Amino acid sequence: MAEDTELRYDPAKIEPKWLERWAADARLYAAEPAANGKPKYYVLEMLPYPSGQLHMGHVRNYAIGDALARHMWMRGYNVLHPMGWDAFGLPAENAALKNNTPPRQWTLGNIAAMKRQMLRLGLGYDWATEITTCLPDYYRWNQWFFLRMLERGLVYRKQSKVNWCPECATVLANEQVIDGCCWRHEDTRVEQRDLEQWFLRITAYAQELLDGLEKLEGWPEKVRTMQRNWIGRSQGAEIDFRFERSIKDILEEESGVAKPATSQERPAIRVFTTRIDTIFGATSVQLAPEHPLVTELAAHDSGLRAQVAYLIEEQKKARESGDVAAIEKHGVPTGHFAVNPFNNELMPIWVANYVLMDYGTGAIMSVPGHDERDFEFAKKYALPIRRVIAPAHAGAGALNGSSSSLEPEEAPLPFTSEDGVLVNSGEYSGMTCPQAQKLLQEAAARGAFGEAKVTYRLKDWGVSRQRYWGTPIPMIHCERDGLVPVPDDQLPVVLPENIEITQQGGSPLARLPEFVNVKCPKCGEPARRETDTMDTFVDSSWYFYRYIDAQNAQAPFDSAKARHWFPIDQYIGGVEHAILHLIYSRFWTKVMRDLDIIANDEPARRLFTQGMVIKDGAKMSKSKGNVVSPDDMVARYGADATRMYALFAAPPDRDLDWQEDGVAGVSRFLGRVYRLVTKYSCVVRSSPPASRDREASQTAAALLRKLHQTIARISLDFEGRWHFNTCVAAIMELVNELQAADAQLASGEIPAPVVAELLRTLVLLLAPFAPYLAAELWEELGEQSAILRAPWPQSDPGLAKEEEIEIPVQINGKLATVVRVPAGADSKAIEAAALADRKVQLRAAGKTVAKVIVVPGRAISLVVK
RNA sequence: GCGGAAGUGGUGAAAUGGCAAACACACUAGCCUUAGGAGCUAGCGCCGCGAGGCUUGCGGGUUCGAGUCCCGCCUUCCGCACCA
């Protein structure tokens, strides 16, 4: 009876024991120097924000990465598997406000707590390379990179309309605005404000960021598409429309009443279009309400001024509501005219609320016949609608002069397809759209009134934040010398510790005289420090380079080490970073390459985005009350069961519905493994490593077959398919077979060397998924060394091969029966077996077999008539 | 509107174009007992007493053979969106 209690699987005993042993072995999870000759493997999971608590999403992310890392260690790779903390950010300031705890203290406390959780989960990180982005030895390199970018013209400052979250009391990057709301405050509308801001010129790399996506074959198509959309390249042309003042102005001037303001020469209006082939159909020019020409015209026209102010207000409201597409199109005529350079036609200039100043040139030519929006606008204001494109296919007859039932001219407007032929377009009539686009662009360039032009939706990255808990921007404002960079030897600009955090009145740093007041590095006169801090996405744009050389005090890292370890072999994280972090870090990598400190163009060769962890069909959240705490799970079922369930419940790329009964199930399974192995461990320990005698028993051969099939299945999945759910299922099948053979194991019918192979391999297969139990059972089997260094098992195809297989027999496409044949049976043998089958004979009775298709080892199909 | 992914039992899911539902959860019945969040046995897509028939969102197609490939829809989720 005492024996039974010994056999009980108790993770609460096993896991703390190994946790302690692993903690004492600093080299267990450490990467080796590059010179060791082993192939390198850099596996990286996205570093967490130290909120204080791991959530299930983290557990899933890290369970995937850790399984992979452990597998690669066992495969003999030199594995780099680091972890760190994305430790700057607003929550630390909010906590400071709420609890009166300094942000640094709050953050470091959270880090300690979460690190404990990670250790308890048995995650195999090399903590010697740990990085914490809020510490000066890390963020000084943010400042260093900022200055290098400044030198290369990649940093600039400008007044601009910015997204402002009233809740955060700071600016947000475009990427941080989601449906018009703050990415951290889902219910807080983002406002538009005008502020002087620091920008990083990510647009300088727009084309390369786009082109690079083609080569990132190891990245999910979804992420590549999202980035492509975000960069938003459109190819088109910019065309100048000459300005003609209004008839009223002309009359006034001629009558000498007054010299109208618009009589002076004005620059042409430059429009951007992707459809220059429709230019003969333009019937008006539309300007954004904030277009400089509008501002100027409105200055002399109080009526216009009021209306434009209203349009601006409408646009602002629409932006803030997040549903820009839904607002009603609305506009006002200026009374002035623009001249179409291709046919010298006069068309009215309007100001419209659907034209955006920050895209293209802020001015468009309106072609109602061939654009949905222009059509809607023209209908509303009774502007002319003209057809200049006819569908290419419907109206072949019309073009060659004969009549046809489907007149191209009848295709309903607006006709927006480019699959058409130009009509009513002067000498360009009859051309296809692409032909006309090319020729019209060339003509514009020759006439010096336009050119081909590529426009991107991607905007430069605004990195200024008016908050305290971030990297200080290393710049100084001097009355005499203007903007002066902090010299390298004065880095880091350290974030002061004693500070009062408030949510009002701009940056808390600005209220700290000892921080703000400095001497200008150039002239030595009193000057002011920049008080904006950097967006936290700066921290995470390059953190994975720092892991390889985390203690380096002379440089962000050693370039030689970077050449060895980069690119990252496998990056794993949530898809929510598809356009924020993942585009910024690609940009940063390209900048670093151009600074000549790395050799790779892209940070990561392969990217894996795991699905979300949900509960009862909804994302876990405090407000829904469906949050499952990892600590609870570990306390009840152990780290192994918690991790293994996270891998077993769904393939890693899909959303995972957390069901506690499932965790209990995995825990019971681990219990079965524990009892099985401990029951026969004495057989294994006393067994000499003799060659196995596979003829000894049928059951032994069957078990070895299953074992080697399982090895093959799991090894293959680690190659890239990563369906760890089926890997775990395969191990369960193996264990089920072993349990079913308990009588044969107990009786000694299975030779000891076979038992040894079965159990040792079972434990090895379990090691990436349930590291605690694997370590415990490895020791139980008499092994001294770390299982992490044991070689991953090899599948023996000879042993894995089935002796007899079942072949489905189809008759006229329907499954009729299944026949058993020897594994190597050829087509003839399979056909004979099928035709000899009673059910087949019954069905084919009185008919002739017209055709036989045999796929050896797979299936046989008979066609009978 | 553009782009991406998905749709299979009560549930999570499995299935290189070749026996749909492996593995597990839940459930049902039974056994065991040291009464445990334990263990063991059996059952568990639908219709049918059965033989058997039907079944992977819907409709077509390719094929000896389709959950899987192609075409057209529908639904759900995700991303982008007056981007000219």
Side-chain angles (χ1 to χ4, degrees), chain A residues 1-2 4-5 7-9 178 220-230 232-234 236 271-275 278 286 288 315 318 323-329 352-356 358-367 371-374 376-377 416 455-457 575-576 578-579 611-612 636-637 645 648-651 653-669 671-672 675 716 723 725-733 735-736 739 742 806-818 850-855 857-864:
Chain A
M1 296 305 105
D4 266 10
T5 40
L7 290 179
R8 180 156 296 146
Y9 167 56
I178 294 148
E221 190 52 46
K222 177 181 178 151
V223 172
R224 296 202 279 169
T225 307
M226 281 167 74
Q227 293 209 354
R228 240 175 246 129
N229 291 342
W230 190 260
R233 182 183 203 269
S234 21
V271 307
F272 174 70
T273 178
T274 53
R275 291 299 305 276
T278 64
Q286 305 284 345
Q315 236 177 28
D323 201 2
V324 187
I327 68 162
E328 207 191 322
K329 289 181 186 37
N353 65 352
Y354 71 97
V355 182
L356 309 170
D358 59 3
Y359 183 79
T361 59
I364 62 165
M365 63 177 198
S366 177
V367 185
D371 181 278
E372 299 276 358
R373 294 153 306 183
D374 295 346
E376 190 188 331
F377 192 87
T416 56
T455 300
Y456 299 92
R457 208 187 70 98
V575 74
E576 65 271 20
I579 40 184
M612 280 191 304
R636 288 189 211 183
Y637 305 103
Y645 174 74
F648 175 62
D653 54 338
R654 245 197 264 182
D655 284 354
L656 182 158
D657 197 77
W658 194 270
Q659 296 179 0
E660 194 172 327
D661 285 333
V663 190
V666 171
S667 170
R668 283 197 297 269
F669 164 71
R672 286 201 295 279
R675 284 190 301 276
L716 186 68
H723 281 198
N725 55 330
T726 59
C727 292
V728 174
I731 298 175
M732 287 173 170
E733 283 183 47
V735 170
N736 288 348
Q739 278 197 300
D742 190 59
E806 292 187 325
I807 299 284
V809 183
Q810 288 186 352
I811 296 180
N812 290 343
K814 291 249 182 194
L815 181 73
T817 187
V818 174
K851 198 174 176 188
V852 181
I853 296 116
V854 186
V855 185
R858 278 276 169 219
I860 174 165
S861 190
L862 306 173
V863 182
V864 302

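All figures in this text were calculated on a predicted structure; none of them were measured in a lab. Computed over heavy atoms, backbone and side chain alike; hydrogens, waters and symmetry mates excluded. Throughout, a chain's letter reflects where its sequence line sits, starting with A, and its residues are numbered from 1.
Closest to the A:Thr273 side chain, of the nucleotides B:A84, B:A13, B:U16, is B:A84. With B:G4, B:A84, B:A26 as the choices, the nucleotide that has an atom nearest any side-chain atom of A:Asp661 turns out to be B:A26.
Cation-pi geometry between A:Lys329 and A:Phe377 is not satisfied (NZ or CZ under 6.0 Å from the ring centre, within 45° of the ring normal).
Considering only side-chain N and O atoms, A:Arg668 lies under 4.0 angstrom from the phosphate OP1 or OP2 of B:C25. The side chain of A:Asn725 contributes an N or O atom lying less than 4.0 Å from OP1 or OP2 of B:A14. Applying the 4.0 Å criterion to OP1 and OP2 of B:C54, one finds that A:Lys814 has a side-chain N or O inside that range. Here A:Asn736 does not reach the OP1 or OP2 of B:A22: none of its side-chain N or O atoms lies under 4.0 Å away. Within the structure, every side-chain polar atom (N or O) of A:Thr726 is placed at least 4.0 Å from both OP1 and OP2 of B:C23. Listed pair A:Lys851 / B:C64 meets the phosphate criterion, a side-chain N or O lying under 4.0 Å from OP1 or OP2. Using a 4.0 Å cut-off, no side-chain N or O of A:Arg373 falls inside it from OP1 or OP2 of B:A81. Between B:A84 and A:Tyr359, a contact under 4.0 Å exists linking OP1 or OP2 to a side-chain N or O.
Rounded to an integer number of Å, the gap from A:Ile853 CD1 to B:U63 P is 12 Å. Put simply, CG on A:Leu815 is 15 Å from C1' on B:G17, counting in whole angstrom units. In this entry the distance linking CD of A:Gln659 with P of B:U11 reads 10 Å, nearest Å.
Searching all strands for a Watson-Crick or G-U wobble partner of B:A35 with both distances below 3.5 Å returns nothing.
The 5' end of RNA chain B is approached more closely, in terms of each residue's nearest nucleotide, by A:Arg672 than by the other of A:Ser861 and A:Arg672.
Across the P atoms, B:G7 and B:G57 are found 8 Å apart, a figure rounded to whole Å.
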